Amino acid sequence: MRRPLPTRYLTPVDLADLLGVPVETVYQWRRKGTGPRGFRVGRHLRFDPEDVRTWVESQMEGAA
């Protein structure tokens, strides 16, 4: 990823903005188990920036 990742946990809106996809796509990835690993804090969904980086790199390797 060329943009630096934030140091805080990402919300689904943050992740969608970072990747340039609709928020619904983030939720679809989660339902299908194909997106970056997320976790719940109470009822709120969060993503670790390092998990997102790892996921994006694996997507780039798979496309090559």
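Here the structure is a predicted model, which means the values were calculated and not measured.
Inspection of the Thr11 and Asp14 side chains reveals an N or O donor paired with an N or O acceptor under 3.5 Å.
The two residues Phe39 and Arg30 come nearest to each other via the heavy atoms N-NH1, 4.4 Å. Pro36 and Asp51 get closest at one heavy-atom pair: CB-O, 4.4 Å.
Trp55 and Met60 fall within the same hydrophobic cluster, defined by Ile, Leu, Val, Met, Phe, Trp and Tyr side-chain heavy atoms under 4.5 Å apart, directly or through other members. Cluster membership for Val41 and Phe47, using ILVMFWY side-chain heavy atoms within less than 4.5 angstrom, is not shared.
Note that the CD atom of Gln59 and the OG1 atom of Thr34 stand 7.5 Å from one another [nearest 0.5 Å]. For the atom pair Leu15 CG and Arg46 CZ, the distance stands at 11.5 Å (nearest 0.5 Å).
Using a 4.5 Å heavy-atom threshold, the side chains of Tyr9 and Val52 count as separate. At least one side-chain heavy atom of Leu19 sits less than 4.5 Å from a side-chain heavy atom of Val56.
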Problem - salt bridge (charged side-chain N to carboxylate O under 4.0 Å, His left out) assessment of Arg31 paired with Glu24 - result: CA-CA 10 Å; Arg31 282 193 297 274; Glu24 184 56 34; 2.8 Å; yes

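Although no hydrogens or angles enter the test, the distance criterion places no donor-acceptor pair under 3.5 Å between the side chain of Thr25 and the main chain of Val21.
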